[in-house]
Protein chains: 2
Amino acid sequence: MHVLIVEDEKSLHDEVRQFLLESQYLVDSAHTYGEASEKIFVNSYDFVLLDLGLPGGDGLDLLREARRNDQQEASFIILTARGALDDRIKGLDLGADDYLPKPFSLLELQSRMQAIMRRKFGLKRQEITFGSGFSMDVSGRVLRQGDQEVALTKKEFDLLHYLVLHKNRVLTRLQLGEHLWGNVLEDDSDSNYIDVHIKNIRKKLSAFAPTDFLETVRGIGYRVTE
Amino acid sequence: MHVLIVEDEKSLHDEVRQFLLESQYLVDSAHTYGEASEKIFVNSYDFVLLDLGLPGGDGLDLLREARRNDQQEASFIILTARGALDDRIKGLDLGADDYLPKPFSLLELQSRMQAIMRRKFGLKRQEITFGSGFSMDVSGRVLRQGDQEVALTKKEFDLLHYLVLHKNRVLTRLQLGEHLWGNVLEDDSDSNYIDVHIKNIRKKLSAFAPTDFLETVRGIGYRVTE
DNA sequence: CTTCTACAATCAGGACGTGCATAGAAATTC
DNA sequence: GAATTTCTATGCACGTCCTGATTGTAGAAG
């Protein structure tokens, strides 16, 4: 499950992010209107947690825009301090899936998300397939090739998961770093830890099947192709 | 056993709740129609004790809605002051499992619940099997391997039960803590009590059969595999 | 075609994090 | 208050992740 947190207040953002990460969600963050708009447009999320009091624009416009672009399948949950019933009604009118007044407990957030998921998917398990016979069971955190299990470490699994989730799109090291570590730390990263992880993933997978679906795009980053 | 009490009158609610807690049920409460609807949707209960005179909507609608959504396996017991035969018939028509006119004694409630459980599970007790010949009798709170009984403490049993219920899914310590202790996070509890329980479970089970079905997923949590 | 250069792949060593074991303190039960 | 259960504290062992240096390679320029 892929979640975008749109929230400018750092402490709240961090708290929610941490919680969702530990609950095994894949988390993205945006702190301004522009950033949020861009990410929603580029990526596909399962959930968008949307704060209304944003710098740079009204969060409700984001929702409106996203709904107009009907490719967007994300469920929107509106978070706001404004107790105004107005906003709530407007939000739900515009197609928000739920509304959570601040302050809220993380447990409540989780149960709302689960409720929406049930409504949306029922109980069917989520599996992603790619490459030559690989299938990734996200909730079980298992990667299989045929019926053999491929052992990956946490970072390896997360990295591959993120790449597979964005099949056919090139992801830069910066993007991968940001999503897997949350902190950008600018582009001073003379480090090559992502390359190392990629190498290790390739090595492990190659024992089972060819790994040419995991491509290097020179000068940019990596891509998983169909 | 997980029970939801839907009842707006506080004193009656509290009395029933207290009683069920002491009878080792896991109890949830809802005081309005909306709250009840949400909880039924989100969680899965074994019993719903349903008051009909609810603020916010007719309790019978709840029942209807829940039955339509056929994932819901809860047994409904209708509690109402209205002596009207009408409601009784309507309720049972809609799939209620029993009907209890107020005022009722707690002992009567208990015996009705037990009757339903007997009807539901019959003589074939509800059993979950896993690992190499282990079977868990949930209602009797007994774990067996073959025909030998494995003695577990309450916490151990609950923990294993929860893991087994979610076979093939990785559960984080956070998730386990939440469901078994109602733990709120806040402090990134560096406690290792879950690890200790897992270790004790493994030790006890390993005297009977291999315990490799109970896996550690490094950096994430634990998983029981098929 | 050859050379050059920027980038990627590889490798090994070490710091760190995570889980396990043990023991004992605290809490609960009888 | 004794016994069992549950939680806390600590040291250790090992797997994971990152670093830094080195080797390999693709693509452009000569």
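By convention in this document, chain letters (A, B, ...) are assigned in the order of the sequence lines, proteins followed by strands, and residues within each chain are numbered from 1.
The distance from atom CG of B/N200 to atom P of D/dT8 is 14 Å, rounded to the nearest whole Å. In this structure, the OH atom of B/Y193 is 18 Å from the P atom of D/dT10, given to the nearest Å. Atom CD1 of A/I220 is separated from atom P of D/dA26 by 17 Å (rounded to the nearest Å). The distance between atom CD of B/E156 and atom P of D/dT4, rounded to the nearest whole Å, is 14 Å. Here D/dC7 presents its C1' atom at 9 Å from CG of B/N192, a figure rounded to the nearest Å. In this structure, A/R141 atom CZ and D/dT16 atom P are separated by 13 Å, rounded to whole Å. In this structure, A/K199 atom NZ and D/dT25 atom C1' are separated by 17 Å, rounded to whole Å. Atom CG of B/D195 and atom P of D/dA13 are 18 Å apart (whole Å).
The outermost nucleotides of DNA chain C lying under 4.0 Å from heavy atoms of chain A, listed 5' to 3', are C/dA6 to C/dC11.
Checked by atom type and distance alone, the side chain of B/Q145 pairs as donor or acceptor with a backbone atom of B/S132 at under 3.5 Å. Side-chain atoms of B/S37 do not come within 3.5 Å of backbone N or O of B/Y33 as any donor-acceptor pair.
Taking the charged nitrogens against the carboxylate oxygens, A/E178 and A/K39 do have a contact shorter than 4.0 Å, which makes a salt bridge. Under the 4.0 Å criterion applied to side-chain N and carboxylate O atoms, A/R141 and A/D137 are not assigned as salt-bridge partners.
With distances taken from any side-chain atom of A/R218 to the nucleotides D/dG20, D/dA26, D/dG15, the minimum falls on D/dA26. Closest to the side chain of A/S191, out of D/dT19, D/dT5, D/dT16, is D/dT19.
The aromatic rings of B/F134 and B/F213 are tilted relative to each other, their planes meeting at an angle between 30° and 60°.
Annotation: of the two residues near DNA chain D, B/L152 and A/L152, the 5′-most nearest-nucleotide partner is B/L152. In this structure, B/R173 and A/V217 both approach DNA chain C, and ranking their closest nucleotides by distance from the 5' end singles out A/V217. Each of A/K154 and A/I198 was matched to the nucleotide of DNA chain C holding its nearest heavy atom; the match closer to the 5' end belongs to A/I198.
For B/H197 and D/dT6, the shortest distance from a side-chain N or O to OP1 or OP2 is not below 4.0 Å. A close approach under 4.0 Å does not occur between any side-chain nitrogen or oxygen of A/T153 and OP1 or OP2 of D/dG15.
Under a cut-off of 6.0 angstrom, the local environment of CG in B/D147 is sparse, with at most 12 non-hydrogen atoms contributed by other residues, nucleotides or ligands.
Between B/L106 and B/E15, some side-chain heavy-atom pair lies under the 4.5 Å cut-off.
When heavy atoms are screened at a 4.0 angstrom cut-off, B/Y222 is found touching the sugar-phosphate backbone but no base atom.
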